[in-house]
Amino acid sequence: NAYTYGRWIGERYGNLKNVIWMLGGDRSAVYGEYDYRSIYSAMAKGVTEGVNAAAVRDPLISYHPRKWAPNSSEWFHTEKWLSFNSIQDTPYDQVESVPKDYQLDPVKPTWLCEGRYEGAITDWGIRYQAWQTVLSGGFGHTYGSDAWKFPKDDWRQYLELPGLVQMGYLYHAVREIWTDKQF
């Protein structure tokens, strides 16, 4: 079923250029005695074949791990379908995870696919985690806020949070520090 679903969804959205395929969805690939790694690999194979059938190019695929669970590199790093590694760590863990992934063979980039959410922590905490990810060698960081709860009051207020606004500065600062080749 995982292969068939992956192939179907790959064919359906394979012609889009702005899709990053994230398998797992905040799940562990292994739960005690249950090992689902072959299922995720079958889905990745289906996505790859579906995208190639639709667009004649390889898709960008990663695995979205749970917080404080093994990151994508610990389960799937040597899989050909894994384009880049994903971590979901706290600032204390990511400083170790990003360089650790870089030391693996073959070298694949790593990003923080889900950091802490603004609202749960301050805008300073958001900036700290974003900068720490990039300066430790990560190729990116995703921003999140408590807007995902879609509160009944004015949810648009979350679009003006200081941490969100300041994420743009990270991009511009990095562009001033490094060339594309250096980054």
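For Y102, the OH atom sits in a loose shell: 12 or fewer heavy atoms of surrounding residues, nucleotides or ligands are nearer than 6.0 Å. Atom OH of Y34 is surrounded by 12 or fewer heavy atoms from other residues, nucleotides or ligands within 6.0 Å.
Sorted by first then second residue, the salt bridge (charged side-chain N to carboxylate O under 4.0 Å, His left out) pairs that include residues 91-113, not counting sequence neighbours, number zero. For residues 55-71, the set of pairs meeting the salt bridge (charged side-chain N to carboxylate O under 4.0 Å, His left out) definition, not counting sequence neighbours, is empty. Residue pairs meeting the salt bridge (charged side-chain N to carboxylate O under 4.0 Å, His left out) criterion with at least one partner in residues 8-22, sequence neighbours excluded, are R7-E11. Evaluation of the salt bridge (charged side-chain N to carboxylate O under 4.0 Å, His left out) test over residues 113-137, restricted to residues two or more places apart or in two chains, returns D123-R127.
Each of I20, V47, V19 was compared with I61 under the side chain to side chain contact (heavy atoms under 4.5 Å, CB included) criterion, and only V47 meets it.
Shortest non-hydrogen contact noted between H64 and C113 is CD2-SG, 3.8 Å. Looking at every heavy atom in both residues, S83 comes nearest to L60 through OG-CA, 3.5 Å. Residues N85 and S62 share a closest heavy-atom pair of C-OG, 3.8 Å. What you find for W131 and A173 is that their closest heavy atoms are CH2-CB, 3.4 Å. The two residues S86 and N71 come nearest to each other via the heavy atoms O-CB, 3.7 Å. G10 and W21 get closest at one heavy-atom pair: CA-CH2, 3.9 Å.
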*Any chance you could lay out the ring pair (Phe, Tyr, Trp, His ring centres under 6.0 Å) test for Y158 and W148, step after step, and finish with the verdict?*
CA-CA 9 Å; Y158 291 97; W148 69 271; over 10 Å; no
*Could you please spell out the steps behind the side chain to side chain contact (heavy atoms under 4.5 Å, CB included) verdict for E49 and Y3?*
CA-CA 9 Å; E49 291 179 9; Y3 169 82; 2.4 Å; yes
*Please step through side chain to side chain contact (heavy atoms under 4.5 Å, CB included) for the pair L112 and T142, ending with a clear verdict.*
CA-CA 6 Å; L112 179 64; T142 57; 5.6 Å; no
_I9 vs M43, test: side chain to side chain contact (heavy atoms under 4.5 Å, CB included). Steps then yes/no._
CA-CA 10 Å; I9 201 166; M43 186 180 295; over 6 Å; no
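Between the CH2 atom of W124 and the CD atom of Q129 there is a distance of 10.5 Å, given to the nearest 0.5 Å. Separating the CG atom in L161 from the CD atom in Q166 is a distance of 10.0 Å, to the nearest 0.5 Å.
Taking hydrophobic clusters as Ile, Leu, Val, Met, Phe, Trp and Tyr residues chained together by side-chain heavy-atom distances below 4.5 Å, M22 does not share a cluster with Y5. Follow the hydrophobic side-chain contacts under 4.5 Å out from L135 and you never reach Y171; the two are in separate clusters. There is no path of hydrophobic side-chain contacts, each under 4.5 Å, that joins Y128 to I121. Note on V165: it does not cluster hydrophobically with Y143, by side-chain heavy-atom contacts below 4.5 Å among ILVMFWY residues. By the criterion of side-chain heavy atoms lying less than 4.5 angstrom apart, applied directly or through intervening Ile, Leu, Val, Met, Phe, Trp or Tyr residues, L82 is not grouped with V107; the two fall into different hydrophobic clusters.
A donor-acceptor contact closer than 3.5 angstrom is absent between the side chains of E79 and Y40.
Using bins of under 30°, 30° to 60° and over 60° for the plane-to-plane angle, the ring pair Y63/W75 lands in the perpendicular bin.
For W111, the ring-ring contact (aromatic ring centres under 6.0 Å, His included) partners two or more places apart in sequence, or in a different chain, are F84, F139.
Between K80 and T48, the closest side-chain pair of non-hydrogen atoms is not below 4.5 Å.
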With a 3.5 Å cut-off and sequence neighbours excluded, list the donor-acceptor pairs that the side chains of residues 23-30 form with protein atoms.
from	atom 1	to	atom 2	distance (Å)
D26	OD1	Q88	NE2	2.8

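In this structure, T133 contributes its side chain and H141 its backbone to no donor-acceptor pair below 3.5 Å.
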